[in-house]
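Structure, as structure tokens:
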Amino acid sequence: MGYGSLTKEIFEELASAVGRAAAIIDADALENYAYDQAGRVWGHMPEAVVRPRNTEQVSSVMKIASKYRIPVTPRGAGSGLNGGAVPLAGGVVLSLERMNKILEIDKINRVAVVEPGVVTNDLCRAAAAEGFLYAGYPMSTETSFIGGNFATNAGGGKVIRYGSTRRHVLGAEVVLASGEILHLGGRFRKDTWGYSLLNLLAGSEGTLAIATKLIVNLEPKPGKVVNLLACYPDVEKLVESVAKVIGSGRRIISCEFMDRNLVKYTTEYLGCALPEQERSEGYLLIQVEGDTDEQLEEGYETVGKICLEGGAFEVFVAESRTDSAAMWNVRQNGLEGMRARDPYACASGDLMVPLSAVPEMLRRIKRISGEWNVEIGIISHIGDGNLHPIPLKPEGMTPERWASYAEEFFSALINEAISLGGVGSGEHGVGHVKQKVLTENKTPAELEIMRGIKKAFDPQNILNPGKMFFKLQ
Ligand SMILES: Cc1cc2nc3c(=O)[nH]c(=O)nc-3n(C[C@H](O)[C@H](O)[C@H](O)COP(=O)(O)OP(=O)(O)OC[C@H]3O[C@@H](n4cnc5c(N)ncnc54)[C@H](O)[C@@H]3O)c2cc1C
């Protein structure tokens, strides 16, 4: 059975559920909801967009969609890197952008209660203002929404210390495909009250339910931190240092890697320079924490020594906030830097391997990009074993050919990551860009269970169809 078509009458029903001004059907305005940060070549136009203001409106939209079997694609900020928020089957995009309130900072239970359209960094700032830390820190923190972070189980630059978003979300209000509203978890940190649907929904990419409210953990205020930038003449040596830094027992908050190409294009884009750029093949950006000045000093001196003994020719310690911001600016703008070089630079690469396999994975990335004649820059949460190779479109290749070429290139890399004991995504998810290679790499038994789960949540397959394991119809 196919999907229903979105007639004028159905659009009117949707518009009366969310308010006329919050329902969009104009083609120019729809265009903004047709693609995400994977790039326009992976986009697809919706037939309508609705922008509900509250949970009841989300529920009403889903009841209408369910009655007529209209596909619905939930959308946060659209910063995803795999086409997750792209409405592959047309239908309706349900944008959470107007549900953007921080409802409560509850100090007694050490949680924040937020709507899904809150920008991640706004939550970080609000928590800090009350003396807490919200520990989610994707590099898109200034644009991505907390609901999108939950739906993708976003990671980022502080995962070694605090874990991914799944660990930060203690409770959620969600709307099912049928429009029914569920409350999962709560303002507590232990829950063995049946299967954890909350954990299952984290990372389900809008294919099972729509998050309309989240209860997130707040950490106690962190200690003092210092940022170090270590410059290496050789990437193999750099990687050897990573294991020693992580194994040093010091409080490492971040351990990030940028290769020569990425730094070159990003500093050109930003109009700045990193130290020793002519000689460096790669950089490690390491953040160390300590409760006291003495502990902090001991921590960063130990880490600096490890890097120098491991072959770094220089280790710079940021002495001011300005120094730290300059180091992180290059890291956070890595994708923009590659896109300034080539607008088709594709950021879907998200290989995840055990830390011990990182040297071999980097060798294989180099070999395979040579075989595929693709220039790449690499950015990485290397302390987690999470590598983001960003390929540029070969000159002369059409954008349409590039879309399938890049998918095949990533599949080749993912197969190598899997052969080294890893997986094809550590934090960005699957979307539709990696659907084929995911499905090829799961056993029939796993696929059967996943499809059973989908059926239990969304029997008509109307929630974000065509993503992860699930076909359009
Ligand atoms: C420059 C840059 C740097 C990045 N760095 C990182 C990083 O360090 N770590 C990392 O993990 N990611 C990173 N990302 C990827 C991206 O920012 C994350 O995946 C983020 O979590 C997506 O949030 P969003 O609000 O933009 O979601 P969207 O892109 O809008 O949606 C992503 C998926 O979530 C679903 N979804 C969104 N909101 C909801 C909801 N309320 N309920 C149910 N489903 C929903 C969508 O259907 C889609 O499948 C980066 C992206 C960019 C552009």
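For ligands, and for the atoms within them, numbers begin at 1 and follow the listed sequence. Atom set for the values below is all heavy atoms of this structure, side chains included, hydrogens, waters and symmetry mates excluded.
Residue N464 has at least one N or O atom closer than 3.5 Å to an N or O atom of ligand 1.
Both the backbone and the side chain of A85 come within 4.0 Å of ligand 1, counting heavy atoms alone. When heavy-atom distances to ligand 1 are checked against a 4.0 Å cut-off, V174 has no atom that comes that close, whether in backbone or side chain.
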Donor-acceptor pairs under 3.5 angstrom involving side-chain atoms of residues 71-86: please list them, not counting sequence neighbours.
{"unit_1": "R75", "atom_1": "NH1", "unit_2": "Y35", "atom_2": "O", "d": "3.2"}
{"unit_1": "R75", "atom_1": "NH2", "unit_2": "Y35", "atom_2": "O", "d": "3.0"}
{"unit_1": "N82", "atom_1": "OD1", "unit_2": "S348", "atom_2": "OG", "d": "3.4"}
{"unit_1": "N82", "atom_1": "OD1", "unit_2": "K434", "atom_2": "NZ", "d": "3.4"}
{"unit_1": "N82", "atom_1": "ND2", "unit_2": "H428", "atom_2": "O", "d": "3.2"}
{"unit_1": "N82", "atom_1": "ND2", "unit_2": "G429", "atom_2": "O", "d": "2.9"}

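With distances taken over non-hydrogen atoms, the option nearest atom 49 (O) of ligand 1 out of K467, H381, E205 is E205. For atom 43 (C) of ligand 1, the nearest non-hydrogen atom from the set G147, A209, G83 belongs to A209.
Taking a cutoff of 4.0 Å between a charged side-chain nitrogen and a carboxylate oxygen, R161 and E219 do not qualify as a salt bridge.
Those atoms of ligand 1 with a heavy atom of S144 less than 4.0 angstrom away are 17 (O), 20 (C), 23 (O).
Shown here is Y344, whose OH atom has no more than 12 heavy atoms of other residues, nucleotides or ligands within 6.0 Å.
For atom 40 (C) of ligand 1, the closest non-hydrogen atom of the protein is A211 N, 3.9 Å. Looking only at protein heavy atoms, the nearest one to atom 8 (O) of ligand 1 is M139 N, 2.9 Å. Ranking protein heavy atoms by distance to atom 33 (C) of ligand 1, first place goes to T152 CG2, 3.7 Å.
Residue contacts with ligand 1 include N149, since one or more of its heavy atoms lies under 4.0 Å from the ligand.
A donor-acceptor contact shorter than 3.5 Å links the side chain of N415 to the backbone of S411.
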